[in-house]
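A, B, ... follow the sequence lines: proteins, then strands. Residue 1 opens every chain.
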Number of protein chains: 2
Amino acid sequence: MLHVAEAARVSVATVSALINGTATVSPELSQRIEQAIRDIGYKRNAIARSLKMGTTRTIGLTVPHITNPFFTDVVSVIQQAFDRAGYAVMLCCTDEDLNTQDDQIRLLLDRMVDGLIVARVGDGAILKGIVDDANVPVVLLDRICEGVDTDTVVLDNQRAVFDAITYLINLGHRRIGYITGTSDISPMHDRMAGYREALHAAGLPIAEELIRFGNFHEIDGYNATMQMLSSHDRPSAIFSANNPMVIGTMKAIRDIGLSCPEDISVACFDDFPWSDVFQPQLTTVAQPVQAIGEQAANLLLDRLAGNRDAPPRKLVLKGRLMIRNSCRPLGAIAQSVSA
Amino acid sequence: MLHVAEAARVSVATVSALINGTATVSPELSQRIEQAIRDIGYKRNAIARSLKMGTTRTIGLTVPHITNPFFTDVVSVIQQAFDRAGYAVMLCCTDEDLNTQDDQIRLLLDRMVDGLIVARVGDGAILKGIVDDANVPVVLLDRICEGVDTDTVVLDNQRAVFDAITYLINLGHRRIGYITGTSDISPMHDRMAGYREALHAAGLPIAEELIRFGNFHEIDGYNATMQMLSSHDRPSAIFSANNPMVIGTMKAIRDIGLSCPEDISVACFDDFPWSDVFQPQLTTVAQPVQAIGEQAANLLLDRLAGNRDAPPRKLVLKGRLMIRNSCRPLGAIAQSVSA
DNA sequence: TGACACGATCGAAACGTTTAGATTAGCGTT
DNA sequence: AACGCTAATCTAAACGTTTCGATCGTGTCA
């Protein structure tokens with residue numbers, strides 16, 4: 001900018017005024033300055049600007065795994081929303097690891113992001129500490145966090161799983177396996193509650209051996225399914241609480257020589273784009289990813305626009321059961337259907 | 001930092017020296033300073049640091065679509081690599097649009113990213129201009145760019161598709177439909193060349209009505225497939241040059257009442273995680289996403305480490321044909337196989 | 001004891017902006 | 001002709017770091 005000012009024989013203040021339109025500058029000077037900008041190929045240094053202005057027009061976004069299609073979609077939506085608003089997005093993947101998340105958030109905060117959208121991981125205590133002394137707005141995504149009182153957008157996980165399990169029960173299933181991630185994050189906790197609630201509502205017993213905990217990955221779903229299917233009294237249906245783990249479930253079913261839905265019914269949380277082109281077409285709980293991403297972005301953009309003091313807002317969205325052909329009717333129901 | 005210095009009754013220079021370890025500071029002062037840092041909860045302002053140091057330890061990454069599983073995986077790998085190296089990643093999606101890409105890259109450059117990894121879009125001329133006057137290292141990913149002489153990592157697309165089409169030919173297919181994106185980007189151009197080369201090598205005619213251009217999206221694959229399958233002399237196999245479009249192909253096959261592989265064989269570019277758990281299990285050309293991402297990251301990290309003057313490096317990786325069950329043998333071959 | 005080297009610490013400039021406040025010129029009023 | 005007002009422009013400080021060179025004790029050696 002100094003060079004531009006010199007070349008145009010004006011002060012840097014005038015150049016700044018012209019670029020930002022913060023003051024009127026005469027036509028002659030405007031022209032001289034614009035010419036100089038072109039000649040020199042000047043580009044404003046956003047870092048210096050950020051330092052002075054105290055805003056970076058950049059937000060931080062952390063998700064556990066970008067390869068999980070749910071997060072892929074949400075990231076995509078959020079990225080687009082902030083792009084439209086002229087913000088850049090710094091993306092971090094925490095790999096479901098508490099320390100990594102810690103580091104990542106500090107990294108983002110160091111870089112003076114204007115705001116943060118976090119799909120948190122693990123225990124909320126550390127996050128609480130970070131959020132409290134970061135003086136930037138934070139939006140929690142997908143996972144609520146006890147004690148952290150800030151804008152949040154989540155799904156009604158319990159209800160969604162309740163609906164899915166009830167659907168299976170109505171098909172005649174009585175022994176329904178349930179594969180979940182560690183329940184230290186709210187979705188897993190709430191989904192499990194939905195499972196228990198549905199069984200309870202139908203007057204069915206809860207068989208603890210049919211509940212398996214994994215670590216969100218394909219291999220965990222695989223192992224859990226293998227164990228369940230090897231037992232003497234195997235379930236007739238399996239519900240997987242996330243998407244990567246259901247892949248493991250399908251592979252286990254295949255490897256053990258069974259088939260879906262003939263031998264075992266399968267449903268899972270999170271829809272994906274291929275659900276209805278390949279066989280079996282998985283019955284899933286679809287999250288409104290578009291809405292989730294947009295709402296999260298809107299909440300943060302609203303704070304960034306200056307609405308700092310409004311009380312924390314909690315948005316709870318509804319999932320949708322996508323019924324396809326991976327679950328088959330059992331027993332009497334099956335007969336009446338096929339009759 | 002000023003406050004810390006005052007609280008510890010030292011100069012800011014000493015605080016800086018301690019934090020960065022750039023000079024020895026006595027035990028007493030160290031202790032006083034550390035105490036002050038804790039008391040105040042001081043965090044170094046990376047923006048001010050960047051301004052002074054001329055480096056942001058942030059890189060920019062642009063991809064056409066993050067929801068395309070190929071890019072999802074590559075982004076994930078790159079993100080991890082830079083995370084390990086202490087860099088942040090700013091992610092932009094260009095949506096296969098030239099102007100968007102233009103804006104995004106300027107946005108990133110404005111923010112003084114230390115380097116750029118670009119899976120470019122459209123015509124290379126504008127990109128060339130941007131890259132030339134950005135004085136940061138740029139790595140081109142997935143798509144080469146005529147006239148832009150910089151580090152690049154791409155697939156041997158022509159060879160990969162040649163192998164896939166040759167495989168179909170060996171199965172007995174003679175009329176093989178080909179659905180591609182616009183050929184202004186190198187992968188589409190090269191993959192098409194592989195298609196033509198394979199037919200030519202087998203002495204087969206090239207039927208131009210079997211080559212359809214789309215715009216990379218599912219709907220394009222759907223429309224192209226519909227057109228081909230409605231013709232009086234429909235192909236016995238279809239190859240789709242990217243992943244989203246093959247979904248369209250599968251949907252079209254379903255909607256028109258045919259089935260794969262019984263009525264029509266399908267193969268495509270880009271593998272995805274579910275390929276081998278659902279039916280039909282798609283035969284695909286798998287890109288070595290891990291290697292692609294790591295190599296791109298390494299090329300850029302090497303430049304960032306100071307190796308600025310080395311001549312541009314071009315890495316060409318090999319694809320791998322993943323043969324599954326979505327393509328069936330035809331005619332005499334089928335009979336000899338079933339015999 | 002004086003000169004000197006060395007280690008620890010500090011002062012101040014610099015990075016490239018923005019902006020409050022000062023200055024200047026031009027012009028209409030009285 | 002002196003005055004005040006407005007519009008245009010400029011000067012200089014500030015944002016929070018890093019770092020060069022200066023300063024100041026302290027201990028060593030001749």
Side-chain angles (χ1 to χ4, degrees), chain A residues 1-37 40-58 86 88 106-107 109-114 133-136, chain B residues 1-37 40-58 86 88 106-107 109-114 133-136:
Chain A
M1 186 141 124
L2 181 62
H3 297 126
V4 170
E6 281 169 356
R9 301 183 310 276
V10 298
S11 75
V12 290
T14 310
V15 177
S16 178
L18 177 66
I19 290 177
N20 298 306
T22 51
T24 51
V25 3
S26 69
E28 313 103 84
L29 291 206
S30 296
Q31 199 178 346
R32 288 220 305 266
I33 293 170
E34 275 158 6
Q35 185 62 48
I37 287 176
I40 296 183
Y42 165 78
K43 291 246 193 62
R44 179 167 67 189
N45 181 329
I47 295 295
R49 178 164 219 263
S50 291
L51 176 60
K52 182 67 188 164
M53 304 283 277
T55 165
T56 52
R57 289 196 83 78
T58 300
R106 280 182 213 288
L107 180 94
L109 254 20
D110 275 359
R111 280 175 172 72
M112 302 279 135
V113 290
D114 291 341
D133 62 40
N135 47 2
V136 299
Chain B
M1 185 140 128
L2 181 62
H3 298 124
V4 170
E6 280 168 358
R9 302 184 309 273
V10 299
S11 74
V12 290
T14 310
V15 177
S16 178
L18 177 64
I19 291 176
N20 298 305
T22 50
T24 50
V25 3
S26 69
E28 311 106 84
L29 291 206
S30 296
Q31 200 178 346
R32 289 219 305 268
I33 294 171
E34 275 158 6
Q35 185 62 47
I37 287 177
I40 296 183
Y42 165 79
K43 291 247 192 63
R44 179 166 68 189
N45 182 327
I47 295 295
R49 178 165 221 264
S50 292
L51 177 60
K52 183 65 186 163
M53 305 283 277
T55 163
T56 52
R57 288 197 82 79
T58 300
R106 280 184 214 288
L107 180 95
L109 254 20
D110 274 0
R111 280 174 172 70
M112 302 278 135
V113 291
D114 290 342
D133 63 40
N135 47 2
V136 299

Quiz item: So what does A/Ser26 hit on the nucleic acid, given a heavy-atom distance under 4.0 Å: a base, only sugar-phosphate, or nothing?
Solution: sugar-phosphate
Quiz item: Is there a side-chain contact between A/Glu34 and A/Leu18 (heavy atoms, below 4.5 Å)?
Solution: yes
Quiz item: Heavy-atom count around B/Gln31 CD within 6.0 Å, excluding the residue itself: above 12?
Solution: no
Self-check item: Sugar-phosphate, base or nothing in reach of A/Ile47, heavy atoms under 4.0 Å
Solution: nothing
Quiz prompt | Interatomic distance where CG belongs to A/Leu18 and C1' belongs to D/dT9 [whole Å] | solution = 13 Å
Self-check item: Spacing of A/Asp110 atom CG relative to D/dG16 atom C1', expressed in whole Å
Solution: 13 Å
Quiz prompt | B/Asp114 versus B/Thr56, closest heavy-atom pair with distance | solution = OD1-N, 3.0 Å
Practice problem: Calculate the interatomic distance between A/His3 atom NE2 and C/dT17 atom P; express it in whole Å. | Solution: 10 Å
Exercise. Could you tell me the separation between the CG atom of A/Asn20 and the C1' atom of C/dG16, rounded to a whole number of Å?
Key: 13 Å
Exercise. Check every strand shown and say whether B/Leu2 touches a base, only sugar-phosphate, or nothing at a heavy-atom separation below 4.0 Å.
Key: nothing
Quiz item: B/Ala48 side chain: which of D/dT17, C/dT19, C/dA8 is closest?
Solution: D/dT17
Quiz item: Taking OP1 and OP2 of C/dT18, is either one under 4.0 Å from a side-chain nitrogen or oxygen of A/Arg49?
Solution: yes
Quiz item: Can you list the steps and then say if A/Asp110 with B/Lys43 is a side-chain contact (heavy atoms from CB on, under 4.5 Å)?
Solution: CA-CA 7 Å; A/Asp110 275 359; B/Lys43 291 247 192 63; 3.9 Å; yes
Practice problem: Using whole Å, report how far CZ of B/Arg111 lies from P of C/dT17. | Solution: 15 Å
Quiz item: Does B/Arg44 put a side-chain nitrogen or oxygen below 4.0 Å from OP1 or OP2 of D/dT18?
Solution: yes
Quiz prompt | Closest listed nucleotide, where the reference is the side chain of A/Ser16 and the choices are C/dT19, D/dT18, C/dT9 | solution = C/dT19
Practice problem: Calculate the interatomic distance between A/Glu6 atom CD and D/dT11 atom P; express it in whole Å. | Solution: 12 Å
Exercise. Round to a whole Å and report the spacing from CE of A/Met53 to C1' of C/dG16.
Key: 13 Å
Quiz item: Pick the nucleotide of DNA chain D nearest each of A/Ala23 and B/Tyr42; which residue has the one closer to the 5' end?
Solution: A/Ala23
Quiz item: OP1 or OP2 of D/dC15 sitting under 4.0 Å from any side-chain N/O of B/Asn45?
Solution: no
Quiz item: Considering heavy-atom distances to DNA chain C, does B/Leu51 or B/Val10 have its closest nucleotide positioned more toward the 5' end?
Solution: B/Val10
Quiz item: Heavy-atom distance under 4.5 Å between the side chains of B/Arg32 and B/Val10, does that happen here?
Solution: yes
Quiz prompt | side-chain N/O A/Thr14 vs D/dT9 OP1/OP2, d < 4.0 Å | solution = no
Quiz item: Base, sugar-phosphate alone, or nothing: which one does B/Met1 contact when heavy atoms must sit under 4.0 Å apart?
Solution: base
Exercise. Please state how far atom NZ in A/Lys52 lies from atom P in D/dA12, giving the value in whole angstrom units.
Key: 16 Å
